[in-house]
Participant: 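Submitted below is the structure of interest, expressed as structure tokens.
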Number of protein chains: 2
Amino acid sequence: MDANVVKILVSSPIFRDISPSQLDIMLDCLNPKINTYSKNSYIAVEGEPYTGLGILLSGEAAIIKESASGSRVIMTVIGPGDLFGEMIAFSPRKHWPASVFAQGTCSVMFLPPEKIIGECTQVCGGYKQLIKNMLVLLSTKALMLNQRVEYLAIRGMREKISIYLLEQYKINQKNTFVLPLKRNELADFLSVSRTALSRELGRMRDEGIIEFYRTSVKINNLAMLRRGAE
Amino acid sequence: MDANVVKILVSSPIFRDISPSQLDIMLDCLNPKINTYSKNSYIAVEGEPYTGLGILLSGEAAIIKESASGSRVIMTVIGPGDLFGEMIAFSPRKHWPASVFAQGTCSVMFLPPEKIIGECTQVCGGYKQLIKNMLVLLSTKALMLNQRVEYLAIRGMREKISIYLLEQYKINQKNTFVLPLKRNELADFLSVSRTALSRELGRMRDEGIIEFYRTSVKINNLAMLRRGAE
DNA sequence: AAAAATCGGTAGCTATGGCTACCTAAAGTG
DNA sequence: CACTTTAGGTAGCCATAGCTACCGATTTTT
């Protein structure tokens, strides 16, 4: 196994607290497959047969849901070491519930899910840790989705923006910060149209609550921003 | 341990494929606590300290999210044998991400989460199965939340209703069926106002797509319903 | 059985926000 | 360096859906 790949894997949450030597033994057991995908191609397509637990080794990919009408919602953007398809691995379902889209050239390792809960319990020492990691990962995933539901359930545009900005403010601990999402992506994330988002941001600027230029934002009136979040 | 409680537990997904005798040994190990809650009281309150993995032994409870503005969103309704708080059990978070509300008199068993991944690996035989069950449960939960995100991300009222009814149709395999939710609950689930929901249902009836009375629905024109879902 | 609470449909009013269109600035690309 | 593409702000139009109010029907409580 390529030393570079091992380096990514040991830093990946699924192999957390598993030593490179243990990992080496486990990989023999887990029987992984590595594929490469070019920019703007689909790594996995919603509705198609499940191809296993994915680990992104290099590149950047987006997990997206597309409604029948064609509108896309970005769930998350993942980078090297991140997983995808961990939800389906242990469920009865056998097809992708969302698409995975390569935003740059990507290389991906797939693990057959049966192997993780498989028979090699005695052989692999890191097995117990792997299971523990999976439990933590799935919990975290579920909680993230929960948070997403929270955002989507918010009705008002002003409210959505305010809550989002307050969260970013909390993360950065500064009045001025750079958003991790471009307007388009933010609009998708909050499930609103980009133009309406820009309009409301403009209004909030006119009211002296915030200043912004592209993805950088400055909070001028925290109290008013809080009021906007109700 | 009460025989009735054991009966509920062995039917609960968390103890699936664990025999009553194994269960008995495990319960000694897991150190559960049982509480009773009266109708319309809170079993757990969003934001308050986590009290452990909950198993509903009797009664009916609703998992609800309440936004700052006070609007409530029903996540699910659970019955005897169902779990709650399984997401937080293995995550770093230590407070409830949602509230659990007793819709009738409820009795609840709480398991300290440390115990599940705990040290008693060698002692308890059902331990491995328990872990497996937890993985399946968490996967299923995450997938359910995923589906919820799907619904919330849908913009149009007609689209939401159509997709919901088509799903119910698929479940029941009949043109006439009874919805599992009352209007209020359905409105909450789809995150729309009850009145707007009723109005749109009325329109769909006027267009000859459906008929309905209270929670019973009959699909008169499946093709048109499908078109409404885009 | 009467009273109270819940459930659900309808109507009118209005604000929110989606959509189209357009324009400028920035960033890639050959 | 010119050209294309992407990102983002602005404006006007208008349909969607939220809100209030009300009323009748049904269920629950006393």
Side-chain angles (χ1 to χ4, degrees), chain A residues 39-40 60 62 67 69-74 77 103-105 151-162 164 178-207 210-217 228 230, chain B residues 38-40 60 62 67 69-74 77 101 103-105 151-164 178-207 210-217 228-230:
Chain A
K39 183 175 178 177
N40 291 332
E60 196 179 84
S67 84
S69 50
S71 66
R72 311 160 92 223
V73 181
I74 294 184
V77 175
Q103 297 197 316
T105 307
Y151 267 109
L152 291 176
I154 297 167
R155 299 223 208 267
M157 174 77 77
R158 175 68 64 104
E159 219 179 324
K160 286 190 191 209
I161 296 174
S162 299
Y164 181 77
V178 175
L179 302 178
L181 300 174
K182 300 178 195 294
R183 284 289 176 285
N184 250 323
E185 297 169 333
L186 183 55
D188 272 351
F189 178 73
L190 300 177
S191 191
V192 296
S193 77
R194 183 190 60 82
T195 53
L197 172 62
S198 271
R199 174 173 51 199
E200 190 63 28
L201 282 169
R203 276 186 201 136
M204 291 172 78
R205 184 192 46 209
D206 295 346
E207 293 173 29
I210 53 170
E211 280 171 49
F212 60 92
Y213 176 73
R214 305 242 148 189
T215 54
S216 63
V217 176
E230 279 182 336
Chain B
S38 55
K39 183 177 176 177
N40 291 333
E60 196 179 83
S67 84
S69 50
S71 66
R72 312 160 90 223
V73 181
I74 295 183
V77 175
F101 190 75
Q103 296 196 316
T105 307
Y151 267 110
L152 291 176
I154 298 167
R155 299 220 208 268
M157 174 76 77
R158 173 69 63 104
E159 219 180 325
K160 284 190 192 208
I161 296 173
S162 299
I163 292 177
Y164 181 78
V178 175
L179 301 178
L181 300 174
K182 298 178 197 294
R183 283 290 177 286
N184 249 323
E185 298 168 331
L186 183 55
D188 271 352
F189 178 74
L190 300 177
S191 191
V192 296
S193 78
R194 184 190 60 82
T195 53
L197 173 61
S198 271
R199 173 173 49 199
E200 191 63 28
L201 282 170
R203 275 186 203 140
M204 291 171 78
R205 184 192 46 209
D206 296 345
E207 294 172 30
I210 53 172
E211 280 171 48
F212 60 92
Y213 176 75
R214 304 243 148 188
T215 54
S216 63
V217 177
E230 283 181 335

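Worth saying up front: this structure is predicted, and the values here are computed from it rather than measured. Per chain, numbering begins at 1; letters A, B, ... match sequence-line order.
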Participant: For Arg194(A) and for Ala196(B), find the nucleotide of DNA chain D with the closest heavy atom, then tell me which residue's nucleotide is more 5'.
Facilitator: Arg194(A)
Participant: Please identify the 5'-most and 3'-most nucleotides of DNA chain C with any atom under 4.0 angstrom from a heavy atom of chain B.
Facilitator: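 Extent of the interface on DNA chain C: dC7(C) to dG12(C).
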Participant: Applying side chain to side chain donor-acceptor pair (under 3.5 Å), can you list everything that pairs with Glu200(B), at least two apart in sequence or on another chain?
Facilitator: Arg158(B), Arg203(B)
Participant: Hey, which of these two, Tyr213(A) or Glu200(A), hits DNA chain C nearer its 5' end, going by closest nucleotide?
Facilitator: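 Comparing both residues, the 5'-ward one is Glu200(A).
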Participant: At what angle, to 10 degrees, do the two end axes of the helix from dA1(C)-dT30(D) to dG30(C)-dC1(D) meet, given five pairs define each axis?
Facilitator: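 The two end axes of the helix from dA1(C)-dT30(D) to dG30(C)-dC1(D) meet at 60°.
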Participant: So, do Tyr164(B) and Leu186(B) sit near enough that their side-chain heavy atoms are less than 4.5 Å apart?
Facilitator: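 Tyr164(B) reaches Leu186(B) side chain to side chain.
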Participant: Which heavy atom of Ser191(B) sits nearest to which heavy atom of Ala153(A), and what is that distance?
Facilitator: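 Shortest heavy-atom contact: OG-O, 3.7 Å.
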Participant: What residues form a side chain to side chain donor-acceptor pair (under 3.5 Å) with Glu185(B), not counting sequence neighbours?
Facilitator: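 Per chain and number, Glu185(B) pairs via side chain to side chain donor-acceptor pair (under 3.5 Å) with no residue.
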Participant: For Thr195(B), which residues count as a side chain to side chain contact (heavy atoms under 4.5 Å, CB included) partner, sequence neighbours excluded?
Facilitator: Ser193(B)
Participant: What is the nucleic acid contact for Arg205(A), judged by heavy atoms within less than 4.0 Å: base, sugar-phosphate only, or nothing?
Facilitator: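 Here Arg205(A) touches the backbone only, sparing every base.
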Participant: Quick check against the 3.5 Å criterion: does Arg214(B) have a side-chain atom that pairs as donor or acceptor with the backbone of Val178(B)?
Facilitator: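 No.
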Participant: Nearest heavy-atom pair of Ile154(A) and Lys160(A): which atoms, and what distance?
Facilitator: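 Shortest heavy-atom separation between Ile154(A) and Lys160(A) comes out as O-CE, 3.0 Å.
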Participant: What residues, two or more places apart in sequence or in another chain, satisfy side chain to side chain donor-acceptor pair (under 3.5 Å) together with Tyr151(B)?
Facilitator: Glu167(B)
Participant: Between Gly156(A) and Thr215(B), who's closer to the 5' end of DNA chain C by nearest nucleotide?
Facilitator: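 Checking each residue's closest nucleotide, the 5'-ward one belongs to Thr215(B).
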Participant: Residues in side chain to side chain contact (heavy atoms under 4.5 Å, CB included) with Thr105(A), at least two apart?
Facilitator: Thr36(A)
Participant: Among residues at least two apart in sequence or on other chains, which ones pass side chain to side chain contact (heavy atoms under 4.5 Å, CB included) with Arg194(A)?
Facilitator: Arg183(A), Asn184(A), Ala187(A), Ser198(A)
Participant: Which is the 5'-most and which the 3'-most nucleotide of DNA chain D that has an atom under 4.0 Å from a heavy atom of chain B?
Facilitator: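 Extent of the interface on DNA chain D: dA17(D) to dT26(D).
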